[in-house]
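In listed order, ligands and their atoms are each counted from 1. Just so it is clear, the structure is predicted and the values come from calculations on it, not from any experiment.
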Amino acid sequence: MSEASYDAVVVGAGPNGLVAANLLADKGWSVLVLEAQPTTGGAVRSSEDVQPGFIHDTFSAFYPLAAASPTIRGLRLDEYGLRWRYAPAVLGHPMQDGNWALLHRDRHVTAELLDAQHAGDGDAWLELCGLWDHIGEPLVHALLTPFPPLRPGAHLLNALRRAGGLAAVRTLLTPAGDLARNHFGGEGARLLLAGNAGHADIPLDAPGSGVMGLLLAMLGQTVGFPVPEGGAGMLAAALERRFRERGGVVRCGAEVTRLGVEDGRVTEVRSRENDRIKVRRAVIADVAAPHLYGRLLDPADVPRRVAAGMKNFQLDPGTVKVDWALNEPIPWLTEPAYAPGTFHVADSVEQMTQSLSQVSAGVIPEAPFLLAGQMTTTDPTRSPAGTESVWAYTHVPQTVRRDAGPDGLCGRWDEEECQRFADRMQARIERLAPGFGSAVAARRVLGPHEFEALDANLIGGAIGGGTSQLHQQLVFRPVPGMGRAETGITGLFLGSASAHPGGGVHGAAGSNAGRAAILHDRFRWGGPSSGRRTA
Ligand SMILES: Cc1cc2nc3c(=O)[nH]c(=O)nc-3n(C[C@H](O)[C@H](O)[C@H](O)COP(=O)(O)OP(=O)(O)OC[C@H]3O[C@@H](n4cnc5c(N)ncnc54)[C@H](O)[C@@H]3O)c2cc1C
């Protein structure tokens, strides 16, 4: 057992924790980051575990949100080793008839390709780009700042007024499926918009899905879907390097098991090894809300309103992810005009909608909607020339009622169920790329249990820290009335994806928590925060 003291302790070295740690270190605070896993990064890690010579991202892979995030941009991670790489096309959707729907970084190329598939869709695409030109930046700022976003909100309102007023608001509120059908005549453009909405767990016929689809499609059009050269872990490594250069301390293999609270203020952090760390100013919890309030805090310390709200906290669905090391590029039935980094697999918008609705209803889809990546196409350092590092993931229900497919899976997600479901996923790609299976040199399958073992925040394989549906966003995240990093316990701030604005690698939850800690500390000491203070 050892005792130490710091101005701040950050629990968890995911991207949000590392962003918060950097902001506090920038203010001269002494900061300790405690991470349960052997390495930092949370769901931003990579390794050669699948096959030596092939780098696979264990979890997240493409980072449009990081590239657009004012906080992450402000950290100037290029000075700490981060280098973004881009695929020739941002996103592709191989279609039944052998055509591809392609989102190219150049909006005019995207429009031209879509117009060739269905006359008029090119202009319709450019019209959405025009709407984004007005509202994109204020919308991203409003989403990534603490709730309520007063100044960014005012900018957004002005921008919406200029972009067409209520008609623009209506477009944003329209569910993705309807937006795709109303706006475009061809299946290609519809698939691009709906597929981007399918990155969140919002059903495509529910409000919120449209703005998500538009957000990701238009980020693809503006900042692209970049990846860190050398693997996702390079992003986390840059955050860690920056933090250490400012005197920050990181301890891995250090699971926090209890936060000590005295008179309503967090005062101590205890680890599994029974280390006790005294905290002078703040604790930032890069921890899933159910674990923060249900495990790390004594129930008697959790404010009653928060405890009541947490009873209705809703996770997002589980996930099954497959990584493949291919000894050749994917043998697509038809080569796309521009090779995409990400690709989506669904026969139609209708099938995508059905697959996502089945997951919400507790049904394992027969034809799962796949989100996938060609990593060597995007970053040639990921595997030897002439090979491809590939992944695909899909969502599965947290509680399984039945399997709509032929395998009778019941949601145990043991090795056998995961492998059978991975076969189902692989067969979806094989139809579009005959010979895919025989190009596989190695395959790894990660199911809900593996995800949770590798990162405790991924409860049951939930990748977003809780559902992104409207009823748990903004002022409802993680419980009604919050929407901010404050927890109701003085000095303790929630800085994980369970906090506003939710999942994704944008660092906003960590930034909100770090800034809230600094602000509260300033009020506590009655003046501007002035560098290192030792008690
Ligand atoms: C399979 C998958 C694919 C994804 N794809 C993308 C993508 O392509 N692009 C994108 O932007 N986002 C993607 N995401 C989402 C994104 O990765 C997460 O939203 C993001 O990592 C959340 O960051 P975080 O810091 O809140 O939590 P995490 O990244 O989960 O990190 C939390 C950290 O805290 C540690 N921790 C938890 N409890 C404790 C404790 N008690 N003591 C010590 N340490 C603790 C964990 O070990 C972990 O390291 C994906 C996620 C997954 C799982």
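In summary, the atoms of ligand 1 found under 4.0 Å from a heavy atom of Gln37, numbered by their order in the structure, are 47 (O). Short contacts between ligand 1 and Gly42, defined as distances under 4.0 Å to a heavy atom of the residue, involve ligand atoms 29 (O), 31 (O), 48 (C), 49 (O).
Comparing Ala509, Gly504, Ala497 against atom 19 (O) of ligand 1, the shortest heavy-atom distance belongs to Gly504.
Between Phe59 and ligand 1, not a single N/O pair is under 3.5 Å apart. The distance criterion of under 3.5 Å between nitrogen or oxygen atoms is met by Val256 with respect to ligand 1. Residue Val11 places no N or O, backbone or side chain, under 3.5 Å from any N or O of ligand 1. No N or O atom of Leu296 sits closer than 3.5 Å to an N or O atom of ligand 1. Residue-to-ligand polar distances place Ala43 within reach of ligand 1: an N/O pair is separated by less than 3.5 Å. For a threshold of 3.5 Å applied to N or O pairs, the pair formed by Asp455 and ligand 1 contains at least one separation below that value.
Ring centers of Phe436 and Trp324: under 6.0 Å apart, within the cut-off.
Aromatic ring orientation, Phe369 versus His344: perpendicular (interplanar angle above 60°, classes split at 30° and 60°). Ring geometry for Tyr338 against His104 counts as perpendicular: the plane angle is over 60°, on a 0 to 90° scale with 30° as the lower cut.
Checking Leu75, Ile72, Thr71, Leu77 one by one against Asn22, the side chain to side chain contact (heavy atoms under 4.5 Å, CB included) holds for a single residue, Leu75.
Heavy atoms of Asn457 found under 4.0 angstrom from ligand 1 belong exclusively to the side chain. Under 4.0 angstrom from ligand 1, there are no non-hydrogen atoms of Leu446.
Ligand 1 is approached by Ala254 to a heavy-atom distance shorter than 4.0 Å. Taking a 4.0 Å cut-off on heavy atoms, Ala61 registers as neighbouring ligand 1.
Among residues at least two apart or in separate chains, there is no side-chain hydrogen bond (donor to acceptor under 3.5 Å, both in side chains) pair with a member in residues 137-146. Within the structure, the salt bridge (charged side-chain N to carboxylate O under 4.0 Å, His left out) test picks out the following pairs touching residues 214-243 (sequence neighbours left out): Asp26-Arg242, Arg83-Glu229, Arg85-Glu229, Glu240-Arg244.
Ionic pairing of Asp379 and Arg382 is present here: one or more N-O contacts between side-chain nitrogen and carboxylate oxygen are shorter than 4.0 angstrom.
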